[in-house]
Amino acid sequence: MTRAEERLLQWLRDAHAMEEQAEQMLRGQASRIEHYPELHKRIEQHIDETCDQAAQIKGCIERLGGTTSGFKDMGGKLAAMGQALGGSMASDEVVKGGQASYAFEHFEISTYKALIAAAEAVDDQETRRICEGILEQEKAMAGWLEEQLPAITRQYLERDASDEQTAKR
């Protein structure tokens with residue numbers, strides 16, 4: 001295996017851990033959202049996409065003769081749990097969660113752009129194809145959040161004026 005192929009495999013492991021983190025983070029958000037049905041529905045949809053993405057990345061890793069990193073996967077899940085705990089304590093959780101999700105989606109976008117370039121460099125067309133498909137899903141989620149975050153923020157502010165608990169979640 002060339003140095004570039006080893007690096008691609010390492011980055012795929014990182015991406016798998018990132019998707020494990022994303023799933024944990026999204027599940028935490030979805031479990032606490034009560035008063036924003038469109039946001040809840042879109043997060044649930046993205047959870048399904050995220051689980052499929054992790055499976056696809058795992059398939060790429062295995063096709064290249066590697067295994068996922070339990071250590072990295074656990075680290076991602078622990079980071080997501082910490083983020084969920086911190087977010088649950090914020091009085092403006094739905095807004096902060098939206099901001100964090102928007103930022104995380106862009107981290108995922110940059111990860112898949114790098115993976116596509118690495119896959120192209122080692123002529124791994126299957127990994128490139130899979131990462132391009134995942135990239136489109138991440139862009140779609142980021143775009144949805146970009147479009148919806150102002151409305152979510154306004155809804156939060158309206159609710160917060162009368163009932164902080166329904167505004168929060």
Side-chain angles (χ1 to χ4, degrees), residues 8 11-61 68-69 72-90 92-120 124 126-159 167-169:
L8 174 60
W11 291 340
L12 286 167
R13 285 186 188 109
D14 293 343
H16 187 267
M18 174 186 70
E19 295 300 350
E20 294 283 316
Q21 178 179 356
E23 179 189 352
Q24 187 82 20
M25 181 182 71
L26 291 166
R27 286 191 190 283
Q29 283 181 329
S31 73
R32 292 185 308 277
I33 293 174
E34 300 172 19
H35 304 288
Y36 300 84
E38 288 180 36
L39 177 60
H40 186 268
K41 180 181 176 185
R42 185 61 177 101
I43 289 173
E44 289 288 342
Q45 177 187 346
H46 199 54
I47 289 169
D48 292 340
E49 292 171 344
T50 299
C51 291
D52 186 56
Q53 292 165 0
Q56 289 182 69
I57 294 300
K58 183 178 180 182
C60 290
I61 292 167
T68 59
S69 170
K72 288 181 181 185
D73 289 353
M74 182 57 68
K77 288 179 180 180
L78 288 173
M81 287 172 42
Q83 182 181 11
L85 180 61
S88 70
M89 294 180 196
D92 57 349
E93 179 181 8
V94 71
V95 176
K96 292 271 183 0
Q99 293 169 329
S101 292
Y102 182 73
F104 197 84
E105 290 302 324
H106 282 83
F107 175 68
E108 290 179 305
I109 288 167
S110 68
T111 295
Y112 287 108
K113 286 183 176 192
L115 283 169
I116 290 164
E120 288 173 347
D124 182 347
E126 182 65 8
T127 296
R128 180 194 55 78
R129 182 190 65 74
I130 288 168
C131 290
E132 286 174 344
I134 294 171
L135 175 61
E136 291 309 309
Q137 290 176 327
E138 302 300 3
K139 284 180 176 180
M141 184 63 181
W144 188 90
L145 287 164
E146 181 174 5
E147 183 179 298
Q148 296 300 314
L149 194 54
I152 292 166
T153 302
R154 286 189 292 275
Q155 287 175 4
Y156 168 81
L157 290 170
E158 290 170 10
R159 290 179 178 147
K168 178 179 178 171
R169 298 184 177 151

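Owing to the predicted nature of the structure, the values given are computational and were not obtained by experimental measurement. Basis for what follows: all heavy atoms, side chains included, without hydrogens, waters or symmetry-related copies.
- Going from atom CE of Met141 over to atom CD1 of Ile109 covers 11.0 Å, rounded to the nearest 0.5 Å.
- Distance OG1/Thr153 to CD/Gln148: 10.5 Å, rounded to 0.5 Å.
- Remark: Glu120 CD is packed, more than 12 non-hydrogen atoms of other residues, nucleotides or ligands lying under 6.0 Å away.
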* Arg154/Glu158 under salt bridge (charged side-chain N to carboxylate O under 4.0 Å, His left out): CA gap, chis, key distance, verdict -> CA-CA 6 Å; Arg154 286 189 292 275; Glu158 290 170 10; over 6 Å; no
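- His46 and Gln53 share no donor-acceptor pair across their side chains, judged by distance under 3.5 Å alone.
- A pairwise comparison of heavy atoms in His16 and Ala54 identifies CD2-O, 3.2 Å as the closest pair.
- Side chain of Thr127 to main chain of Asp124: no donor-acceptor pair is present (N/O by atom type, distance under 3.5 Å, no hydrogens or angles).
- Counting heavy atoms from C-beta outward, His106 and Glu138 have side chains that stay 4.5 Å or more apart.
- Taking CD1 of Ile47 as the reference point, atom CZ of Arg42 lies at 11.0 Å (rounded to 0.5 Å).
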For this session: Determine, stepwise, if the pair Gln24 / Gln21 fulfils side chain to side chain contact (heavy atoms under 4.5 Å, CB included).
Result: CA-CA 5 Å; Gln24 187 82 20; Gln21 178 179 356; 5.8 Å; no
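- Taking CE of Met18 as the reference point, atom CD of Glu23 lies at 13.0 Å (rounded to 0.5 Å).
- Proximity of Pro37 to Lys41: side-chain heavy atoms (C-beta onward) are nowhere separated by under 4.5 Å.
- Not less than 6.0 angstrom separates the ring centroid of Tyr36 from the ring centroid of His40.
- Proximity of a side-chain donor or acceptor of Gln29 to a complementary backbone N or O of Ile43 within less than 3.5 Å is not detected.
- A 4.5 Å side-chain heavy-atom check between Leu26 and Phe104 finds every atom pair outside the cut-off.
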Any chance you could lay out the side chain to side chain contact (heavy atoms under 4.5 Å, CB included) test for Gln56 and Cys51, step after step, and finish with the verdict? CA-CA 9 Å; Gln56 289 182 69; Cys51 291; over 6 Å; no
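- Remark: Leu135 CG to Lys139 NZ distance equals 4.5 Å, nearest 0.5 Å.
- Atoms CZ and SG, from Arg129 and Cys60 in turn, are 8.0 Å apart once rounded to the nearest 0.5 Å.
- The shortest heavy-atom contact between Ala15 and Tyr112 is CB-OH, 4.2 Å.
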Ser101 vs Leu149, test: side chain to side chain contact (heavy atoms under 4.5 Å, CB included). Steps then yes/no. CA-CA 10 Å; Ser101 292; Leu149 194 54; over 6 Å; no
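- In terms of modelled atom types and a separation under 3.5 Å, the side chain of Arg32 and the main chain of Glu93 share no donor-acceptor contact.
- The two residues Tyr102 and Ala142 come nearest to each other via the heavy atoms CE1-O, 3.5 Å.
- Residues Tyr156 and Val94 come closest through the heavy atom pair CD1-CG1, 4.0 Å.
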